[in-house]
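Below is one structure, written out as structure tokens; comments come after it.
In what follows, every chain begins at residue 1, and chains take the letters A, B, ... in the order their sequences are listed.
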Amino acid sequence: MKELINIGISIDTIKNMLDINPNLNMLDKNDINDKIYILKNIGCNNAIIKNIIEANPLFLSKNDQDILNLIKKLNSLNIKGLDITFDSNPWLLNYNDDDIDEFILKKKKENLSLNEIISLIDVGEIE
Amino acid sequence: MAINYLKDLGYRLEDAKKIRNSYPINNLKDETLIKNIKEIFDYFLNLGYSTYDIIKMTNYHPALFGIQAKTLDLKINFLKNIGYSDSNISKMIKLLPQLLELSEDNINSKINYLINFGFNKEDAIKITQNAPQIFNYTMSCLDDKFIFLSNLGFKKDDIIKMVKFSLILLSLSINNIKDKIIFLSQMGYENEQIIKMIKNLPILLCLSKDNIKEKIEFYKNKNLDFIVLDDTKKLMQSISLSYARYKYFEENNINIDDINYKRLFYDEEQFKTAYKIDKETILSLYPYHSKKEKVPQM
């Protein structure tokens, strides 16, 4: 929890975050620091990291490799500025790379172009 | 012996000790526990879970080592028969391994509760796969949440729409929601306006107060506060992007008002086509310096 407090998240907010991720208090410092490191690596500043974690504490329980695979997938789609993409839609981090593939396939069947599908993902309109 | 076995699998010593001493594992003999651990690892590895995931799941819920693999298999097949996909079952279990110990009656009753409230089965599955902790709630806890939302002024149809838009909404506690409402009221909004904003953007309740405040203040300062009330969904966009685009327009003598404000929120393709400048360039030209920037101590 100290790691969350160190990035400026208040105790009251952490209590609220527990509603969404009931296992939050069981995460060790490496779980949290690794996620912060991943976000920093894609260009997130401290304020954005705080926004993302406060809104979507679920992603802290995710496997690092799944997050890295998701980022790789989004990069392969040429989505630039992932820091801003995740700041606008922190819940995108809960998806896996195969969810993105599945979404693209579904939207292609609806006759959307790849560029249109990428825009939907970029603005977080993914279901 | 069991502790060393767990350590060899990759558990930290303190976690291995915690597992060994947790109920009902503490009643098992070392040999039995090691046999169970091996069985559970083999079972999940065969299903495609990584060692990292299994360690996490069993740290969250050591009692998994007290369940036989065939019992787990029955539960996973039960979830599949309800309509959850393999990938979603895996996500739910990784998040809430306790799910594997819940009774079929409990799971069915929560799905039926949501269906009786007015969601269809597909919605009920989507809601619970995104917020499996709902299975841990009592019926009266769910009743209380729906009554609370209704007392705030949301009609049943509104609640259904809001939950469908923000699938984790039901996992928020009443106090958490109250807290956000009080905060919005302190920001100067009347009750009816707050209800309207939440109806427009239910996920607003999941954003942090700092994040909401920063965005509201930015649009208010630019005389664009109608966005907050009438087009609340636009509050999703990162403040860094809104700021950079606003500055870009300002420098190019384009005044942003209630007629043309949507250009602030164009998707990347639209914006690039219209103004020949991409997200990365505009962000580097007009960096937003958040008031809450803080150096984390790693």
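- The number of heavy-atom neighbours closer than 6.0 Å to CD of B/Glu14, taken from other residues, nucleotides and ligands shown, is above 12.
- Only the side chain of B/Lys91 comes within contact range of chain A, with at least one heavy atom under 4.5 Å from a heavy atom of that chain.
- For a residue to count as touching a neighbouring chain, one of its non-hydrogen atoms must lie under 4.5 Å from one of that chain's; by this rule B/Leu95 touches chain A with backbone and side chain alike.
- Side-chain atoms of B/Thr128 come within 3.5 Å of backbone atoms of B/Ala124 as a donor-acceptor pair (strictly under, hydrogens ignored).
- Put simply, the side chain of B/Leu204 reaches to within 4.5 Å of the side chain of B/Leu184, judged on heavy atoms.
- There is no contact between A/Asp12 and chain B, counting heavy-atom distances below 4.5 Å.
- Within the 4.5 angstrom heavy-atom criterion, atoms from both the backbone and the side chain of B/Ser173 approach chain A.
- Contact annotation for B/Asn136: neither backbone nor side-chain heavy atoms come within less than 4.5 Å of a heavy atom of chain A.
- Proximity of a side-chain donor or acceptor of A/Asp87 to a complementary backbone N or O of A/Asp83 within less than 3.5 Å is not detected.
- B/Phe265 and B/Tyr219 have tilted rings, their planes meeting at an angle from 30° to 60° on a 0 to 90° scale.
- In this structure, the portion of B/Tyr137 lying under 4.5 Å from any heavy atom of chain A is its side chain and not its backbone.
- Note on A/Asn89, A/Asp99, A/Thr13: by heavy-atom pairs under 4.5 Å with chain B, the leading option is A/Asp99.
- Contacts between A/Lys62 and chain B at a heavy-atom distance below 4.5 Å involve the backbone alone (N, CA, C, O).
- Of the residues considered (A/Leu120, A/Asp64, A/Ile84), A/Ile84 shows the highest number of contacts with chain B, using heavy-atom pairs under 4.5 Å.
- Residue contact with chain A, scored on non-hydrogen atoms closer than 4.5 Å, involves the side chain of B/Pro97 exclusively.
- By number of non-hydrogen pairs under 4.5 angstrom with chain B, the leading residue of A/Asn63, A/Ile9, A/Leu27 is A/Asn63.
- Contact of A/Asp122 with chain B is made through the side chain alone, with heavy-atom distances under 4.5 Å.
- Contacts of A/Asn96 with chain B are made by both backbone and side-chain atoms, with heavy-atom separations under 4.5 Å.
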Trace of the side-chain hydrogen bond (donor to acceptor under 3.5 Å, both in side chains) decision for A/Ser61 with A/Asn23: CA-CA 8 Å; A/Ser61 291; A/Asn23 287 325; 5.8 Å; no
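- Neither the backbone nor the side chain of A/Ser10 has a heavy atom closer than 4.5 Å to any heavy atom of chain B.
- A donor-acceptor pair is defined here as one N or O able to donate and one able to accept, closer than 3.5 Å; no such pair exists between the side chain of B/Lys7 and the backbone of B/Ala16.
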B/Asp278 and A/Lys80: CA distance, side-chain angles, deciding distance, salt bridge (charged side-chain N to carboxylate O under 4.0 Å, His left out) verdict: CA-CA 9 Å; B/Asp278 65 18; A/Lys80 305 280 185 195; over 6 Å; no
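- Within the 4.5 angstrom heavy-atom criterion, atoms from both the backbone and the side chain of B/Leu172 approach chain A.
- Looking at B/Tyr52, only its side chain comes within 4.5 Å of chain A, counting heavy atoms on both sides.
- Enclosure of atom CD in B/Glu269 by more than 12 non-hydrogen atoms of other residues, nucleotides or ligands within 6.0 angstrom is indicated.
- Only the side chain of B/Gln98 comes within less than 4.5 Å of a heavy atom of chain A; its backbone N, CA, C and O stay farther away.
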Worked check of salt bridge (charged side-chain N to carboxylate O under 4.0 Å, His left out) between A/Asp101 and A/Lys73: CA-CA 9 Å; A/Asp101 285 335; A/Lys73 170 62 65 183; 2.8 Å; yes
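- Heavy-atom pairs under 4.5 Å with chain A were tallied for B/Ile239, B/Asp53, B/Leu205, B/Asp15; the largest tally goes to B/Asp53.
- Ring-plane geometry between B/Phe146 and B/Phe119 is classed as tilted, the angle between the planes lying from 30 to 60 degrees on a 0 to 90 degree scale.
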